[in-house]
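Please read the structure below before turning to the comments.
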Amino acid sequence: MEPINAGPFTLYPFGIATALLLVPCALIMARGMKKRGLKRETASWMAVLSVPLCFITARIGYCLLIIDQIIETDDYLRVLRVWEGGFLLWGAIAGLLAAAWITGKATGQRSGKIVDSAVIPACLMIAAIRLLCGLLFTEHGIGFALSNWFDPEETDYANRFSLWILEDYSFFERFPFAAEDFYGNWCWAVFVPEAAWACVMAWITSRCKAREGGRTVLFVLLYACSQILWEAMLCSQVIYLPWQGFVKANQMLCAAALITVICISLKKLEKGGRGKAALRCLAQVLPAVGIVVAMEFAAFEKKITMIETWPADICHLIEALACLWMGLAAGRLWRKAYALQDPKGSGKIIQ
């Protein structure tokens, strides 16, 4: 959407909408902090710190991923031209964690308890931003064009992207199923399930009863495993690792976040049980990662001859199951490290 000129000022609809959304998110965060018995000034400290820190770290994260473009074009001032867009959600998450740490130091409280209170509003903010980006910016968060996806004229499954051959797919040519690209073609609106899953994450984390920091670790786990799948479906606005043309940066960041979750959870366990738990987890995560990699090459690029007849939707389904497998494996580790036990003494884990 085009910016609005208001005299000497230029207003950006996305920026205005984001700023307005920060108000209810801050109120939800403040309510959560009050319920957890945090000091009164904690919410104000967190609100004041998180906005600039998330903005800065999200921008820095994005610029680091396009550093090859910046160097090749000798355009170092691009880092400062924030109005041109370019922010990394993982960078914003890092900024939120940094804000919680500083707030904890400033108020004399533990940062884990503080950031746990910010998880639910963060999920809701992610959902809103996904929808805003998809609706306000053309070709943001979209997948394959429906005309190529279904393509009733192509019957060879080695060249198809969908298992279903539909003569009339006009039902899907509308929101929330699809969005138009620059050329007016209807493409899958991947940003919609991304936003919906963010709401599901808010619901899951709101129900979990965990030790300090556990809700945040669960949030990172849920987001990392799901975003691997959503990134696989994207066909536009995809960021690759610097000087690489095929490794999706966000998927690598998700893998790094998943490893971090596993390491943090293992650290919380007793020393005697860490080795066995680590082996059991990695024995499941590693083959799941292998499946994800294989499906990445098989879905659109058809580079694996053995399964070249598998359409992209089948590959995405298999990849979704692999991501679920990773999440469940790491989730069991999380439960051992963070989930609270039933106070009645039954040993049952409270969800």
With no hydrogens and no angle check, is any side-chain donor or acceptor of [X] less than 3.5 Å from a backbone partner on [Y]?
| X | Y | answer |
| --- | --- | --- |
| Q251 | I228 | yes |
| R215 | S117 | no |
| R110 | E212 | no |
| D313 | L163 | yes |
| K113 | R36 | yes |
| D116 | T216 | yes |
| R274 | L266 | yes |
| T205 | F219 | no |

How long is the straight-line distance from [atom2] of [Y] back to [atom1] of [X], given to the nearest 0.5 Å?
| X | Y | atom1 | atom2 | value |
| --- | --- | --- | --- | --- |
| I126 | I93 | CD1 | CD1 | 5.0 Å |
| L253 | N250 | CG | CG | 5.5 Å |
| D156 | T309 | CG | OG1 | 8.5 Å |
| R160 | I314 | CZ | CD1 | 11.5 Å |

query = Given R332 and K336, is the side chain to side chain contact (heavy atoms under 4.5 Å, CB included) satisfied, shown in steps?
reply = CA-CA 6 Å; R332 291 190 189 96; K336 292 180 180 179; 5.6 Å; no

Heavy atoms of other groups near [X] [atom1], more than 12 under 6.0 Å:
| X | atom1 | answer |
| --- | --- | --- |
| W164 | CH2 | no |
| R40 | CZ | no |
| E270 | CD | no |

Check for me whether the distance between the ring centres of [X] and [Y] falls short of 6.0 Å.
| X | Y | result |
| --- | --- | --- |
| W197 | Y223 | no |
| Y240 | F246 | no |
| H140 | F14 | no |
| Y169 | F150 | yes |

query = Are K303 and E308 within salt-bridge range, i.e. N to O under 4.0 Å?
reply =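 Between E308 and K303 there is no salt bridge, as every charged N stays at least 4.0 Å from the carboxylate O atoms.
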
task = Verify whether one side chain among S111 and W101 offers a donor that lies under 3.5 Å from an acceptor in the other.
result =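 On atom types as modelled, these side chains do not qualify, holding no pair under 3.5 Å.
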
task = Could you tell me how the ring of F161 sits relative to the ring of F144: parallel (under 30°), tilted (30 to 60°) or perpendicular (over 60°)?
result =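 Answer is tilted, since the angle falls between 30° and 60°.
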
Where is the tightest heavy-atom contact between [X] and [Y], given as atom of each residue plus distance?
| X | Y | answer |
| --- | --- | --- |
| K248 | L234 | NZ-O, 4.1 Å |
| V190 | W230 | CG1-O, 3.8 Å |
| L135 | F175 | CD2-CE1, 3.7 Å |

